[in-house]
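Okay, structure first, notes after.
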Amino acid sequence: MTAKKRTPKKKRLPEGVKLASDYAVSELRWLWSGRLPLGKVSILEGDPSRGKSMLTADWAARVTSGDPWPTSSIRVKPNRKRRREPRGVVMVCGEDDWGDTIVPRLIAAGADLDRVASILVERDEDGTSFRSRSRVTWTVWRRQCERSTLSC
């Protein structure tokens with residue numbers, strides 16, 4: 001008589017919990033090669049007055065206008081512009097005002113303002129943390145983007 005080999009049963013996991021072995025490995029797609037992943041939430045954090053909102057205005061302008069990203073590769077010809085399809089962006093800013101700071105910077109950077117959406121936030125009383133003034137979840141944003149010209 002030969003013994004049957006048994007495949008070990010998977011433990012039943014709580015709802016919302018998955019094992020890493022349950023995921024299929026896929027290739028990461030890049031908005032800006034090696035720097036900003038496409039379709040992911042990216043957070044730019046740093047001390048105040050260090051240029052974060054100027055940098056994000058430039059990024060938003062490149063995405064919404066389709067302008068190419070900077071490159072340090074010597075394989076790319078300097079005059080070759082690799083434009084992309086203009087897309088939308090969703091921005092969250094907890095330090096600067098949209099009317100007197102963010103929008104003027106977006107205009108200066110050449111952003112298409114109709115493709116830039118903001119999630120409004122407010123500081124807590126102690127000023128150390130932020131919370132969204134909206135009850136819109138990221139999933140709702142993604143669905144809205146897929147149905148509109150925003151196309152995040």
Side-chain angles (χ1 to χ4, degrees), residues 13-152:
L13 299 173
E15 187 175 331
V17 176
K18 266 175 104 169
L19 296 174
S21 59
D22 292 331
Y23 291 92
V25 175
S26 60
E27 187 175 337
L28 185 59
R29 297 180 313 146
W30 295 97
L31 177 62
W32 182 9
S33 184
R35 292 171 176 86
L36 285 175
L38 181 64
K40 308 289 183 185
V41 174
S42 295
I43 298 173
L44 179 61
E45 185 272 333
D47 292 331
S49 301
R50 296 292 182 195
K52 295 180 303 294
S53 63
M54 292 293 287
L55 184 60
T56 54
D58 177 73
W59 292 352
R62 290 177 189 280
V63 171
T64 62
S65 68
D67 282 348
W69 291 89
T71 181
S72 60
S73 172
I74 59 173
R75 294 178 296 181
V76 176
K77 296 178 184 173
N79 294 329
R80 187 171 148 202
K81 294 227 176 198
R82 292 187 293 164
R83 291 186 60 83
R84 294 178 180 246
E85 185 72 27
R87 303 289 306 255
V89 297
V90 178
M91 294 176 66
V92 178
C93 182
E95 292 177 11
D96 296 318
D97 182 77
W98 277 85
D100 66 17
T101 306
I102 302 297
V103 171
R105 288 178 179 173
L106 289 168
I107 291 168
D112 178 347
L113 299 182
D114 288 330
R115 292 182 176 270
V116 180
S118 64
I119 296 178
L120 302 176
V121 296
E122 56 191 25
R123 286 182 184 258
D124 287 344
E125 285 184 24
D126 61 5
T128 59
S129 60
F130 302 97
R131 67 173 181 234
S132 172
R133 285 196 260 166
S134 169
R135 292 183 170 223
V136 176
T137 65
W138 182 249
T139 304
V140 172
W141 267 108
R142 292 291 297 174
R143 276 194 222 124
Q144 180 61 30
C145 289
E146 290 164 1
R147 281 185 254 160
S148 71
T149 58
L150 197 58
S151 68
C152 304

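We're numbering straight along the sequence, starting at 1.
Heavy-atom minimum distance, S42 versus P37: OG-CD, 3.9 Å. Summarising the geometry of M91 relative to A60, their closest heavy-atom pair is SD-CB, 4.1 Å, with the distance given to 0.1 Å. Residue G110 comes nearest to S65 through the heavy atom pair O-CB, 4.1 Å, listed as atom of the first residue, atom of the second, then distance. Listed here is the closest heavy atom pair of V63 and W69: CG2-CZ2, 3.7 Å.
Applying the side chain to side chain contact (heavy atoms under 4.5 Å, CB included) test to P104 and every residue at least two apart in sequence or in another chain returns nothing.
L31 places none of its side-chain heavy atoms less than 4.5 Å from the side chain of R87. L106 places a side-chain heavy atom less than 4.5 Å from the side chain of W98.
Distance check: L13 CG to L19 CG gives 5.0 Å after rounding to the nearest 0.5 Å. Summarising the geometry, atom CG belonging to D114 is positioned 10.0 Å from atom OG1 belonging to T64; distances are rounded to the nearest 0.5 Å. Taking CE of M54 as the reference point, atom OG1 of T101 lies at 10.5 Å (rounded to 0.5 Å).
Legend: side-chain hydrogen bond (donor to acceptor under 3.5 Å, both in side chains) pairs involving residues 46-59, not counting sequence neighbours, sorted by first then second residue: S53-D96, S53-R105, D58-R62.
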